[in-house]
Amino acid sequence: MSSSRPYLVRALNEWILENDCTPYIVVDAGVQGVQVPSEHVANGQIVLNISPGAVRGLVVGNGALEFSARFGGVPMQVYIPLQAVVAIYAKENGEGMVFGSEPGSPDPGGNDAPESSPGPDERPSGKPTLKVVK
């Protein structure tokens, strides 16, 4: 199956906006293909306001999120592969979602195996696994 992340990002962005809140995304700036202002990256991540008042031409495609924005008055085209989106949340109350790695997708951190991923012997075969995110 294809990644659920683009669908979730689009839905959560719409939900946050409909509730009169400001959508922010957390991006892993170390993922290949990420084009963000490097001077605003801290600890390998950048938090971006993607509200209609902050960006122009926001497109959340199935492979990437892109828009144009100004950083310190300087215009920039921002390009973010969706696997680099770590979270989307409302600035006002923190409601939203943090994404983990999806089965079959490359690990955005570049590690061979995520530490929290159960091994093949720990999972019931043929049954999907779910993780509670609070």
Side-chain angles (χ1 to χ4, degrees):
M1 289 185 71
S2 62
S3 173
S4 61
R5 194 169 305 198
Y7 302 94
L8 294 169
V9 169
R10 283 191 289 265
L12 288 164
N13 183 48
E14 182 179 337
W15 173 68
I16 291 167
L17 290 170
E18 284 183 3
N19 283 282
D20 296 321
C21 292
T22 310
Y24 274 40
I25 58 171
V26 179
V27 177
D28 179 348
V31 172
Q32 184 175 1
V34 171
Q35 296 173 7
V36 295
S38 58
E39 62 272 13
H40 296 285
V41 173
N43 298 323
Q45 295 184 333
I46 185 168
V47 178
L48 298 167
N49 176 348
I50 59 168
S51 68
V55 303
R56 297 278 183 254
L58 175 66
V59 176
V60 183
N62 287 341
L65 181 151
E66 51 189 314
F67 58 86
S68 59
R70 292 183 171 270
F71 297 90
V74 178
M76 178 177 185
Q77 185 66 26
V78 174
Y79 181 86
I80 302 162
L82 279 168
Q83 70 186 34
V85 177
V86 174
I88 180 169
Y89 66 95
K91 171 189 170 193
E92 291 77 4
N93 59 18
E95 292 287 327
M97 179 179 281
V98 176
F99 299 103
S101 63
E102 295 182 63
S105 67
D107 181 19
N111 298 330
D112 292 333
E115 289 180 26
S116 62
S117 173
D121 297 335
E122 298 171 15
R123 256 188 268 186
S125 65
K127 292 185 180 180
T129 59
L130 297 175
K131 180 179 178 185
V132 177
V133 178
K134 294 184 179 185

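- Under the 4.5 Å side-chain criterion, counting only non-hydrogen atoms from C-beta, V78 is not in contact with V55.
- You'll find the side chain of N62 reaches within 4.5 Å of the side chain of R10, heavy atoms only.
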Name every donor-acceptor pair, under 3.5 Å, that has one atom in a side chain of residues 13-20 and the other anywhere in the protein, sequence neighbours excluded.
residue	atom	partner	partner atom	Å
N19	ND2	W15	O	2.8

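- Listed by chain and number, the residues in a side chain to side chain donor-acceptor pair (under 3.5 Å) with Q77 amount to none (sequence neighbours excluded).
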Using distance only, find each side-chain donor-acceptor pair of residues 37-48 under 3.5 Å and give its atom names and separation, not counting sequence neighbours.
none

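- Under the rule for a side-chain contact (heavy atoms from CB on, under 4.5 Å), the partners of A54 that lie at least two apart in sequence or sit in another chain are N49, S51.
- The hydrophobic cluster containing V86 does not contain L12, counting ILVMFWY residues as joined when their side-chain heavy atoms lie under 4.5 angstrom apart, directly or transitively.
- Among residue pairs with one or both ends in residues 16-38, those qualifying as ring-ring contact (aromatic ring centres under 6.0 Å, His included) are Y24-Y89; sequence neighbours excluded.
- Judged by distance alone, with hydrogens and angles left aside, the side-chain atoms of R5 form a donor-acceptor pair with the main-chain N or O of V85 at under 3.5 Å.
- V9 is connected to L58 through a chain of hydrophobic side-chain contacts under 4.5 Å among Ile, Leu, Val, Met, Phe, Trp and Tyr, so both are in one cluster.
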Show which side-chain atoms of residues 64-76 pair as donor or acceptor with protein atoms under 3.5 Å away, not counting sequence neighbours.
residue	atom	partner	partner atom	Å
S68	OG	R56	O	3.4
R70	NH1	G73	O	2.8

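- Connection of V26 to V60 is not established within any shared hydrophobic cluster, with ILVMFWY side chains joined at heavy-atom distances below 4.5 Å, either directly or through further cluster members.
- Expressed to the nearest 0.5 Å, how far CG of N93 lies from SG of C21 amounts to 5.0 Å.
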